[in-house]
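Every value quoted in this text rests on a predicted model; they were computed, and no experiment measured them.
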Amino acid sequence: MSILNTKTKTLTAALLLAVPISVYAADQRETEQTAGSSIQAAAAAPVKTAAVGAAASPAGVSPVDSLKGGYEVAASKLKVPWSIQFAGETVYITQRGGGIVEVKNGKQTVQEVRTKKKLRVVGEAGLTGFVLDPKFSKNKYAYIYHAYEEKGEALNRIVKVKLVNGVWREQKELLSGIPGGRIHEGGRLAIGPDGMLYSTAGDTNRRELSQDLSSPGGKVLRMTTSGKVPADNPFKNSYVYAYGLRNSQGLAWTPDGTLYASDHGPSGAPIPGGGTDLTGLDEINVIKRGANYGWPKVQGTETAPGLTAPVYVAGDRAIAPSGIAAAPDNKVLVATLAGQSLKLFDPKTRTMTDVLTGEGRIRDVALHGGKIYVLTNNTSGGSPGADDDRLLILK
């Protein structure tokens with residue numbers, strides 16, 4: 001394996017830690033950045049990187065348990081990366097400002113994304129969610145979540161694309177008109193064990209949308225890969241699968257079939273009509289069909305009849321959880337932005353422990369071939385180093 005960089009950092013085996021995470025040095029949330037570019041991507045010259053390995057962990061051993069310390073850099077100089085996907089030993093990474101980075105055979109190349117509606121890149125809005133079709137190796141289809149503007153209104157949509165000669169071309173619009181703005185865009189995509197396409201959609205700082213079943217904002221959405229409403233969705237003729245969420249950016253199913261979602265808590269902002277939000281209170285939720293998670297009626301550990309409580313609530317300092325990934329032992333890896341770490345959530349003890357620290361903001365995490373891949377996000381709201389942002393493979 002050719003290695004661009006190998007480095008030892010603070011890597012802690014999660015089994016040695018059992019202290020709930022509630023206090024952090026930084027109380028930094030998803031930071032707004034205006035990048036008014038309308039260019040989806042410009043094809044770049046390939047950049048050499050580390051090769052992506054596919055060796056699996058020994059049977060029955062969690063990748064977290066077998067970590068010894070350090071990491072390899074599989075990709076570098078990424079520009080506000082957001083989602084990681086794998087096709088064999090090839091990695092694909094979306095960049096919020098446009099383009100999908102292919103990491104293959106030790107090289108990385110930015111591939112253009114051609115959509116029929118121009119990409120809008122403002123604040124947290126841009127090209128975010130991305131998931132490959134289960135039959136990608138044959139059909140080359142994938143699904144993206146991207147921001148756009150129509151008649152002066154900021155919106156998001158979900159589009160089916162196809163990789164053709166190194167370019168991702170729009171094939172079909174599955175859902176449009178998802179509320180957009182500058183912040184709280186949501187945008188995570190995932191294919192469930194049922195073969196359905198799931199998406200998170202943020203409240204775009206319009207909290208009333210989360211409880212409005214006529215709006216996709218503040219929800220987990222569920223559809224077929226052709227964009228139809230499944231017959232067994234909880235609300236008739238609706239994509240809404242769960243609601244009462246604020247800014248969910250992570251979806252993952254553990255081996256026991258449980259669907260988890262991360263959600264950003266309030267950030268001390270003024271409340272329309274008077275008052276000020278609390279701070280922190282980020283959540284991990286078990287997503288259930290038709291459930292209401294309470295935002296903005298309740299926050300954190302508050303409860304009320306008919307509402308589903310989170311399985312984990314952070315303290316009053318934000319960790320800003322983003323992408324999540326399920327481990328073989330039914331625990332959940334959590335990428336945190338303000339928390340500036342990769343964490344491990346244990347559903348049995350309902351505690352959060354550190355796995356990786358010292359690399360700044362972490363946007364996404366994925367398990368592949370028995371290894372843990374981590375995507376940094378220092379080029380958005382952080383303090384980027386010379387090689388940021390990077391795709392790391394933990395050792």
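Here the closest non-hydrogen pair linking D203 and H184 is OD1-ND1, 2.8 Å. For I362 against L337, the heavy-atom pair with the smallest separation is O-CD2, 3.5 Å. Nearest heavy atoms, L127 versus W82: O-CB, 4.3 Å. Nearest heavy-atom pair across N233 and S238 is ND2-O, 2.9 Å. Y92 approaches A87 most closely through the heavy-atom pair CE1-CB, 3.9 Å. Minimum interatomic distance between A338 and A320 (heavy atoms only, all atoms of both residues): N-CB, 3.6 Å.
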**Message:** Pair T379, D388 - check side chain to side chain donor-acceptor pair (under 3.5 Å), show working.
**Reply:** CA-CA 7 Å; T379 54; D388 277 331; over 6 Å; no
Working for side chain to side chain contact (heavy atoms under 4.5 Å, CB included), residues E124 and N247 = CA-CA 11 Å; E124 297 169 15; N247 183 24; 4.1 Å; yes
Working note: I158 + L189, criterion side chain to side chain contact (heavy atoms under 4.5 Å, CB included); need CA distance, chi angles, decisive distance, verdict. CA-CA 9 Å; I158 299 171; L189 296 180; 4.2 Å; yes
Q: Before giving the answer on side chain to side chain contact (heavy atoms under 4.5 Å, CB included), spell out for T94 and T128 the whole-Å C-alpha distance, their side-chain angles and the decisive distance to 0.1 Å.
A: CA-CA 6 Å; T94 54; T128 53; 5.8 Å; no
| field | CA sep, side-chain torsions, deciding dist, call: R246, Q299, side chain to side chain donor-acceptor pair (under 3.5 Å) | value | CA-CA 10 Å; R246 184 175 179 271; Q299 302 177 36; over 6 Å; no
Exercise. Go through the steps for Q95 and V110 under the test side chain to side chain contact (heavy atoms under 4.5 Å, CB included), then give the verdict.
Key: CA-CA 9 Å; Q95 296 188 132; V110 180; 4.3 Å; yes
Report task. Would you sort out whether Q211 and N292 count as a side chain to side chain donor-acceptor pair (under 3.5 Å), showing the intermediate values? Result -> CA-CA 8 Å; Q211 293 294 322; N292 181 356; 2.9 Å; yes
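Looking at W168 and T115, their side chains never come closer than 4.5 Å, going by heavy atoms from C-beta outward. Taking 4.5 Å as the limit, some side-chain heavy atom of M223 sits within range of a side-chain heavy atom of L174. Contact annotation: the side chain of P63 approaches that of L367 to within less than 4.5 Å [non-hydrogen atoms, C-beta and beyond]. Using a 4.5 Å heavy-atom cutoff, the side chains of V298 and T303 are not in contact. At a threshold of 4.5 Å between non-hydrogen side-chain atoms, the residues K138 and F136 do not count as touching. E359 is listed as a side-chain neighbour of R390, based on a closest heavy-atom distance under 4.5 Å. The shortest side-chain heavy-atom distance between P347 and Y312 does not fall under the 4.5 Å cut-off. Proximity of L155 to E153: side-chain heavy atoms (C-beta onward) are separated by under 4.5 Å at one or more points.
Partners of T336 according to the side-chain contact (heavy atoms from CB on, under 4.5 Å) rule, which considers only residues two or more places apart in sequence or in another chain, are I319, V334, S341, K343.
Note that NZ of K162 is 11.0 Å distant from CG of D133, once rounded to the nearest 0.5 Å. A distance of 8.5 Å separates OG in S83 from CG in L375, rounded to the nearest 0.5 Å. Here I183 contributes atom CD1 and H264 contributes atom NE2; the two are 11.5 Å apart, rounded to the nearest 0.5 Å. The distance from the OH atom of Y141 to the NZ atom of K135 is 11.5 Å, given to the nearest 0.5 Å. Expressed to the nearest 0.5 Å, how far CG of L394 lies from OH of Y71 amounts to 10.0 Å. Within the model, atoms CD of Q85 and CD1 of I93 stand 11.0 Å from one another, a figure rounded to the nearest 0.5 Å.
Not one N or O on the side chain of R361 forms a donor-acceptor pair closer than 3.5 Å with the backbone of G339. One N or O on the side chain of S262 and one on the backbone of G250 form a donor-acceptor pair closer than 3.5 Å. With hydrogens and angles ignored, the 3.5 Å screen pairs no side-chain donor or acceptor of D263 with any backbone N or O of L245. A side-chain donor-acceptor contact under 3.5 Å links T279 to the backbone of D316. Judged purely by atom type and a 3.5 angstrom limit, T200 has no side-chain atom pairing as donor or acceptor with the backbone of V220. Remark: side-chain polar atoms of Y243 are not paired, donor with acceptor, to backbone N or O of G294 under 3.5 angstrom. In terms of modelled atom types and a separation under 3.5 Å, the side chain of N156 and the main chain of P179 share a donor-acceptor contact. In this structure, D346 contributes its side chain and K348 its backbone to a donor-acceptor pair below 3.5 Å. Proximity of a side-chain donor or acceptor of D387 to a complementary backbone N or O of S76 within less than 3.5 Å is not detected. Side-chain N or O atoms of N378 include none that pairs as donor or acceptor with a backbone N or O of S383 at under 3.5 Å.
A chain of hydrophobic side-chain contacts below 4.5 Å, direct or via other Ile, Leu, Val, Met, Phe, Trp or Tyr residues, connects L333 to L67. Residue L392 is grouped with residue V355 when hydrophobic side chains (ILVMFWY) are merged at heavy-atom distances under 4.5 angstrom, including chains of intermediate members. Grouping the Ile, Leu, Val, Met, Phe, Trp and Tyr side chains by contacts below 4.5 angstrom, directly or via other members, places L175 with Y143. Residue L163 is grouped with residue F130 when hydrophobic side chains (ILVMFWY) are merged at heavy-atom distances under 4.5 angstrom, including chains of intermediate members. I191 is connected to Y145 through a chain of hydrophobic side-chain contacts under 4.5 Å among Ile, Leu, Val, Met, Phe, Trp and Tyr, so both are in one cluster.
Of the options L197, V229, D232, a side-chain contact (heavy atoms from CB on, under 4.5 Å) to R222 is made by D232 and by none of the others. Screening V374, V103, L391 against I84 for a side-chain contact (heavy atoms from CB on, under 4.5 Å) leaves a single residue, L391. Screening R157, K117, K118 for a salt bridge (Lys or Arg N to Asp or Glu O under 4.0 Å) involving E170 leaves a single residue, R157.
Sparse packing is recorded around NZ of K79, with 12 or fewer heavy atoms of other residues, nucleotides or ligands lying under 6.0 Å away. The number of heavy atoms from other shown groups lying within 6.0 Å of NZ (K160) is above 12.
Remark: R188 engages D364 in a salt bridge, criterion side-chain N to carboxylate O under 4.0 Å. Between D277 and R207 there is a salt bridge, since a side-chain N of the basic residue sits under 4.0 Å from a carboxylate O of the acidic one. A salt bridge is defined here as a Lys NZ or Arg NE, NH1 or NH2 lying under 4.0 Å from an Asp or Glu carboxylate O, and E302 with K297 fails to meet this definition.
For S380 and R96, the side-chain atoms include at least one donor-acceptor pair closer than 3.5 Å.
Within the structure, the ring pair (Phe, Tyr, Trp, His ring centres under 6.0 Å) test picks out no pair touching residues 101-129 (sequence neighbours left out).
When ring centroids are compared, F235 and Y241 stay outside the 6.0 Å threshold.
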